[in-house]
Colleague: 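Take a look at this one; I'll ask things after.
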Amino acid sequence: MLRPPLRPLAGRSDLFSVSVGAAAEYLRGAYPHELGDVTFLLASMPTSAQHGDGIDRWSIDREARKIVLYRVPVQRLTRLHMNDDLHRRMAAESCTFQAAAEYLGLDPWDLDLGGHDPH
């Protein structure tokens, strides 16, 4: 049985979705006890007032066990070395990793992705 062919990635929103999804699955695998049941969601923009010195790239709700990444701020406000698909994907992945680190209460550089064992 064959499935219908997948439609090609149509644009930046598709690339963002795929990039965040891949990074989220990788992080769930690296931190199955801490992130295994955390939902990673996508939204265009934050709906509530921002804090700090700019527009939030993500929000975290530990009680609901969810992380929301905001596509427009990530794509439009992140300074890229080069504005191409590779660097846009890297920006989306970087924000996903930073959000997960914040959720875990870690510095992003402290994420041990080579063999995390919380015990």
Colleague: Could you give the distance from CZ (Arg89) to CG (Asp84), rounded to the nearest 0.5 Å?
Modeller: 9.5 Å

Colleague: Report yes or no: does Arg65 contribute a side-chain atom to a donor-acceptor pair with the main-chain N or O of Glu63 at less than 3.5 Å?
Modeller: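 The answer is no, because no donor-acceptor pair under 3.5 Å joins these two groups.
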
Colleague: What distance separates Ser94 OG from Arg57 CZ, expressed to the nearest 0.5 Å?
Modeller: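 Going from OG on Ser94 over to CZ on Arg57, the span is 10.5 Å.
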
Colleague: Mind checking the OG1-NZ spacing from Thr39 to Lys66? Nearest 0.5 Å is all I need.
Modeller: 8.5 Å

Colleague: Can you give me the closest heavy-atom contact between Asp56 and Pro46, atom names plus distance?
Modeller: O-CG, 3.8 Å

Colleague: Test side-chain contact (heavy atoms from CB on, under 4.5 Å) on Val20 and Trp58; report intermediate values, then the result.
Modeller: CA-CA 12 Å; Val20 169; Trp58 63 82; over 6 Å; no

Colleague: Take Thr96 and Leu69 through the side-chain contact (heavy atoms from CB on, under 4.5 Å) test and state the conclusion after the steps.
Modeller: CA-CA 7 Å; Thr96 306; Leu69 288 113; 3.8 Å; yes

Colleague: Any chance you could lay out the side-chain contact (heavy atoms from CB on, under 4.5 Å) test for Asn83 and Arg88, step after step, and finish with the verdict?
Modeller: CA-CA 7 Å; Asn83 192 9; Arg88 285 189 290 273; 2.6 Å; yes

Colleague: How many angstroms lie between atom SG of Cys95 and atom CD1 of Ile67, to the nearest 0.5 angstrom?
Modeller: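 Spacing of SG (Cys95) from CD1 (Ile67) equals 12.0 Å.
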
Colleague: Are Leu35 and Leu111 connected, step by step, through hydrophobic side chains (Ile, Leu, Val, Met, Phe, Trp, Tyr) whose heavy atoms are closer than 4.5 Å?
Modeller: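 Shared cluster, yes.
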
Colleague: When you measure from the side chain of Arg28 to the backbone of Ala23, do you find a donor-acceptor pair of N or O atoms at a distance under 3.5 Å?
Modeller: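 Between the backbone of Ala23 and the side chain of Arg28 there is no qualifying donor-acceptor contact (under 3.5 Å).
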
Colleague: Between CG of Asp107 and CD of Glu102, what distance do you get to the nearest 0.5 Å?
Modeller: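 Result: 11.0 Å between the selected atoms.
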
Colleague: Which side-chain N or O atoms in residues 70-78 pair as donor and acceptor under 3.5 Å with protein atoms at least two apart or in another chain?
Modeller:
| unit_1 | atom_1 | unit_2 | atom_2 | d |
| --- | --- | --- | --- | --- |
| Tyr70 | OH | Ser59 | OG | 2.7 |
| Arg71 | NH1 | Gln75 | OE1 | 3.0 |
| Gln75 | NE2 | Arg12 | O | 2.9 |
| Thr78 | OG1 | Val74 | O | 2.7 |

Colleague: Could you give the distance from OH (Tyr31) to OH (Tyr103), rounded to the nearest 0.5 Å?
Modeller: 14.0 Å

Colleague: Should Val38 and Leu41 be regarded as members of a common hydrophobic cluster, given that ILVMFWY residues are connected when their side-chain heavy atoms come within less than 4.5 Å of each other, either directly or indirectly?
Modeller: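 No, Val38 does not connect to Leu41 through the hydrophobic network.
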
Colleague: If hydrophobic clusters are built by linking Ile, Leu, Val, Met, Phe, Trp and Tyr wherever their side-chain heavy atoms come under 4.5 Å apart, do Met90 and Leu42 end up in the same one?
Modeller: no

Colleague: Could you state whether Val68 and Phe97 fall into the same hydrophobic cluster, counting links through intermediate Ile, Leu, Val, Met, Phe, Trp or Tyr residues with side-chain heavy atoms under 4.5 angstrom apart?
Modeller: no

